[in-house]
Q: 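The structure follows.
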Amino acid sequence: GCGAGEILNQLHFKLIDKSVHFFGYEIAPDAIALCKKREKERLSFYQEDLTISDNYFDLLLLIDVVEHIDDYLGFINKSKTKAEYKVYHFPLDMSVLSILVNYP
């Protein structure tokens, strides 16, 4: 999922190498509607499941996605075949303060 598409939009804007193409995959209709507003030359968004796509990429960014998927281990296993390099980001919402504040 690429959310509103802003991460790819910023990478597209800031990357000096203008030969790089960016592709975002999102399954949520509301999110893809936001992404489509950011489309431009070399930046495309698709409403489909990346894990069943035949496409292969140089780099796959999975930023704050895995925690939203029920079968996250299956998803990670399928996604590892979609690119040469992968970047996974898992948000860590737990902190000492949050534990102490929520302690009974």
Side-chain angles (χ1 to χ4, degrees):
C2 48
E6 191 56 28
I7 292 174
L8 290 180
N9 189 44
Q10 288 298 313
L11 289 170
H12 175 273
F13 176 70
K14 293 182 180 191
L15 191 66
I16 294 171
D17 184 351
K18 300 303 179 193
S19 68
V20 176
H21 293 255
F22 298 89
F23 304 90
Y25 286 80
E26 175 61 61
I27 60 169
D30 292 339
I32 200 69
L34 294 171
C35 294
K36 289 288 191 179
K37 295 176 184 176
R38 291 174 169 81
E39 276 190 328
K40 54 186 72 82
E41 184 180 345
R42 301 182 301 104
L43 175 58
S44 303
F45 295 98
Y46 301 94
Q47 185 177 0
E48 62 183 87
D49 183 345
L50 172 69
T51 63
I52 59 174
S53 167
D54 291 333
N55 293 329
Y56 186 80
F57 302 97
D58 297 322
L59 174 65
L60 177 64
L61 301 175
L62 291 165
I63 310 297
D64 297 353
V65 172
V66 176
E67 69 274 12
H68 298 286
I69 299 171
D70 291 335
D71 179 18
Y72 57 90
L73 293 176
F75 177 78
I76 291 171
N77 198 35
K78 289 177 187 175
S79 67
K80 71 181 181 183
T81 65
K82 297 299 174 183
E84 179 71 21
Y85 302 99
K86 294 82 154 170
V87 174
Y88 296 92
H89 179 268
F90 302 93
L92 298 176
D93 294 334
M94 185 183 302
S95 67
V96 172
L97 180 60
S98 68
I99 292 171
L100 291 175
V101 168
N102 294 315
Y103 189 76

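Just so you know, residue 1 is the first one in the sequence shown, and it goes up from there. Keep in mind that the numbers below use all heavy atoms, side chains included, and drop hydrogens, waters and symmetry copies.
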Q: Does Phe75 form a side chain to side chain contact (heavy atoms under 4.5 Å, CB included) with Leu73? I'd like the steps, not just the answer.
A: CA-CA 5 Å; Phe75 177 78; Leu73 293 176; over 6 Å; no
Q: Is any side-chain heavy atom of Leu43 less than 4.5 Å from a side-chain heavy atom of His21?
A: no
Q: Passes side chain to side chain contact (heavy atoms under 4.5 Å, CB included), Phe45 versus Leu8? Steps please.
A: CA-CA 10 Å; Phe45 295 98; Leu8 290 180; 4.0 Å; yes
Q: Below 4.5 Å, heavy atoms only, C-beta onward: do Leu61 and Tyr85 meet side chain to side chain?
A: no
Q: Atom CD of Glu41 and atom CD of Glu39: how far apart are they, to the nearest 0.5 Å?
A: 12.5 Å
Q: Which residues satisfy the salt bridge (charged side-chain N to carboxylate O under 4.0 Å, His left out) test with Glu6, sequence neighbours excluded?
A: Arg38
Q: Do other residues, nucleotides or ligands put more than 12 heavy atoms under 6.0 Å from the CG atom of Asp71?
A: yes
Q: Evaluate Ser79 against Lys86 for side chain to side chain contact (heavy atoms under 4.5 Å, CB included), listing each step before the verdict.
A: CA-CA 9 Å; Ser79 67; Lys86 294 82 154 170; 5.8 Å; no
Q: Name every donor-acceptor pair, under 3.5 Å, that has one atom in a side chain of residues 23-30 and the other anywhere in the protein, sequence neighbours excluded.
A:
unit_1, atom_1, unit_2, atom_2, d
Tyr25, OH, Asn55, ND2, 2.6
Glu26, OE1, Cys2, N, 2.9
Glu26, OE1, Gly3, N, 3.0
Glu26, OE2, Ala28, N, 3.0

Q: Give a yes or no on whether Asp17 atom CG has more than 12 heavy-atom contacts from other residues, nucleotides or ligands under 6.0 Å away.
A: yes
Q: Show which residues join Tyr56 in its hydrophobic cluster (side-chain heavy-atom contacts under 4.5 Å, direct or indirect), or state none.
A: none
Q: Contact between Pro91 and Glu67 at the side-chain level, heavy atoms closer than 4.5 Å - yes or no?
A: yes
Q: Using atom types as modelled and distance alone, determine if a side-chain donor or acceptor of Arg42 lies under 3.5 Å from a backbone N or O of Val20.
A: yes
Q: With side chain to side chain contact (heavy atoms under 4.5 Å, CB included) as the test, would you mind laying out the steps for Ile32 and Tyr46 before giving the verdict?
A: CA-CA 7 Å; Ile32 200 69; Tyr46 301 94; 5.7 Å; no
Q: Report the residues that fulfil salt bridge (charged side-chain N to carboxylate O under 4.0 Å, His left out) with Lys80, sequence neighbours left out, ordered by chain and then residue number.
A: none
Q: Are Leu60 and Ile52 linked, directly or through intermediate hydrophobic residues, by side-chain heavy-atom contacts shorter than 4.5 Å (ILVMFWY only)?
A: no
Q: When rounded to the nearest 0.5 angstrom, what is the spacing between CD1 in Ile76 and OH in Tyr88?
A: 6.0 Å
Q: Under 4.5 Å between side-chain heavy atoms, chaining through other members, with only Ile, Leu, Val, Met, Phe, Trp and Tyr counted: pull out the rest of the cluster around Ile16, sorted by chain and number.
A: none
Q: Taking a hydrophobic cluster as the set of Ile, Leu, Val, Met, Phe, Trp and Tyr residues connected by side-chain heavy atoms closer than 4.5 Å, whether directly or through intermediates, do Leu34 and Leu11 fall within one such cluster?
A: no
Q: Tell me, yes or no, whether the heavy-atom count around Phe90 atom CZ, taken from other residues, nucleotides or ligands under 6.0 Å, exceeds 12.
A: yes
Q: Distance from Lys82 atom NZ to Leu62 atom CG, nearest 0.5 Å?
A: 12.0 Å
Q: Can any side-chain N or O of Lys40 pair as donor or acceptor with the backbone N or O of Lys37 at less than 3.5 Å?
A: no
Q: Run the side-chain contact (heavy atoms from CB on, under 4.5 Å) test against Lys78 and tell me which residues pass, sequence neighbours left out.
A: Thr51
Q: Taking Ile7 as the starting point, is it possible to reach Phe57 by hopping between hydrophobic residues whose side chains are less than 4.5 Å apart?
A: no
